[in-house]
Number of protein chains: 2
Amino acid sequence: MTQVRNRRPASPKQAAACRRPIDDLLDPELFKALGDPTRILLLACLAKCGRPGTVSEVAECCAVDLSVVSRHLALLADAGVLHARKEGRTVWYRVRYEEIGQRLRALADAIEACAQTPVRRSAGGTGCCPKTR
Amino acid sequence: MTQVRNRRPASPKQAAACRRPIDDLLDPELFKALGDPTRILLLACLAKCGRPGTVSEVAECCAVDLSVVSRHLALLADAGVLHARKEGRTVWYRVRYEEIGQRLRALADAIEACAQTPVRRSAGGTGCCPKTR
DNA sequence: TGCGTACTTGCGTCATAATGCAAGTATACG
DNA sequence: CGTATACTTGCATTATGACGCAAGTACGCA
């Protein structure tokens with residue numbers, strides 16, 4: 001296998017073998033967590049409130065059952081979007097503002113980094129996008 | 001209803017009524033599109049390749065049927081992640097590097113903006129996060 | 001210790017979506 | 001015009017996930 005390093009792959013298939021920052025940052029679990037309208041609503045409420053909220057409080061934001069909200073918040077915490085802190089019998093969920101911000105910006109950087117062409121075609125261009133249109 | 005404007009809501013429920021940039025940027029459709037492992041794989045291949053790719057090319061990246069790839073790429077294009085250009089009987093899909101980057105950064109900004117406390121408790125703090133812990 | 005509050009978990013139901021196969025459409029080429 | 005190529009669409013199957021209800025757990029309080 002002609003594995004090229006730090007070079008532009010010739011085809012999407014070759015590109016699949018290249019490891020780039022984008023591979024770790026494009027995490028389906030995070031996006032799956034953010035891909036549900038109800039969860040987005042709950043997250044937006046918590047984010048805009050600007051302070052931690054309990055399951056009961058957040059549940060007042062939408063019409064679904066409390067158990068559903070409990071599950072959604074736990075899932076968002078698993079995905080790294082929220083932070084859970086248990087205090088007696090109540091659970092305070094807090095938005096991880098900085099972490100999400102950094103994560104999204106890192107992903108933006110990684111994606112845009114793919115757009116640039118770091119390869120200066122060495123010789124014949126074997127394996128490195130020779131017939132790029 | 002005591003609608004407060006540009007003030008920190010007292011509860012997640014009150015926060016639900018507040019319109020913030022985050023409301024438009026937190027689009028479930030985008031994240032739903034990015035929430036599938038197969039689509040992420042196809043997107044990563046296309047992104048790392050750095051050039052537009054056809055359906056057949058991208059389909060070589062993973063083991064699923066060509067028709068599945070066709071559907072996934074169309075879905076990613078609908079979500080604004082890819083751009084489709086038809087040329088004869090082949091379709092070239094291109095990653096919208098700049099658009100995604102901007103979108104993610106705008107979201108990062110909007111989320112982090114929620115973390116800051118723009119409200120200087122006016123008087124009694126009616127409706128504005130009085131008992132923020 | 002008994003009860004109420006705050007949340008979680010089990011489970012059944014329903015909806016959405018991912019996949020593969022087969023058939024269809026559109027375009028190029030001889 | 002017929003055929004091959006490149007992709008799309010219809011359809012059935014299967015898997016995943018969202019939801020509500022009911023029961024369970026954990027903690028605080030009297």
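Just so it is clear: chains get the letters A, B, ... in the order the sequence lines come, proteins before strands, and each one is counted from 1.
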**Asked** To the nearest Å, how far apart are B:Asp65 CG and D:dG10 C1'?
**Response** 14 Å
**Request:** Answer with base, sugar-phosphate or nothing: what part of the nucleic acid does A:Lys32 contact at a heavy-atom distance below 4.0 Å?
**Result:** sugar-phosphate
**Between C:dT8 (C1') and A:Leu66 (CG): distance, integer Å** = 9 Å
**Request:** Please state whether the base of C:dC21 and the side chain of B:Ser67 form at least one donor-acceptor pair under 3.5 Å?
**Result:** yes
**Message:** If the cut-off is 4.0 Å, is A:Arg89 near the phosphate of D:dT25, judged by side-chain N/O to OP1 or OP2?
**Reply:** no
**Message:** Side chain of B:Asp36, heavy atoms from C-beta onward: which of D:dC7, D:dC19, C:dA18 has the nearest atom to it?
**Reply:** C:dA18
**Asked** Mapping B:Ser56 and A:Val68 to their closest nucleotides on DNA chain D, which lands nearer the 5' end?
**Response** B:Ser56
**Message:** On the nucleotide D:dG17, are OP1 or OP2 found under 4.0 Å from the side-chain N or O atoms that A:Arg39 carries?
**Reply:** no
**Request:** Could you tell me whether B:Asp109 and A:Arg105 have a side-chain N and a carboxylate O separated by less than 4.0 Å?
**Result:** yes
**Message:** Tell me whether A:Glu98 is salt-bridged to A:Arg96, with the criterion being a basic N under 4.0 Å from an acidic carboxylate O.
**Reply:** no
**Asked** How close or far is atom P of D:dA6 from atom CZ of B:Arg85, stated in whole angstroms?
**Response** 16 Å
**Message:** As a test of reading the structure: which of C:dT8, C:dA18, D:dC7 is closest to the side chain of B:Leu75, going by heavy atoms?
**Reply:** C:dA18
**Request:** Name the closest nucleotide to the B:His72 side chain, picking from C:dT19, C:dA28, C:dG20.
**Result:** C:dT19
**Message:** Rounded to whole Å, how long is the line connecting atom CZ of A:Phe31 with atom P of D:dG17?
**Reply:** 16 Å
**Prompt:** When the nearest nucleotide of DNA chain C is assigned to B:Gly88 and to A:Tyr93 on a heavy-atom basis, which residue is associated with the more 5' position?
**Reply:** A:Tyr93
**Complete:** Between A:Ile22 and B:Ala47 the two heavy atoms that sit nearest each other are CD1-CB, 3.8 Å
**Asked** Quick one: the side chain of A:Arg71 and the base of D:dG20, do they pair up donor-acceptor inside 3.5 Å?
**Response** yes
**Request:** Using a cut-off of strictly less than 4.0 Å, decide whether A:Ser70 has a side-chain nitrogen or oxygen near OP1 or OP2 of C:dA6.
**Result:** no
**Item:** Lys/Arg N to Asp/Glu carboxylate O, B:Lys32 vs B:Asp27, below 4.0 Å
**Value:** no
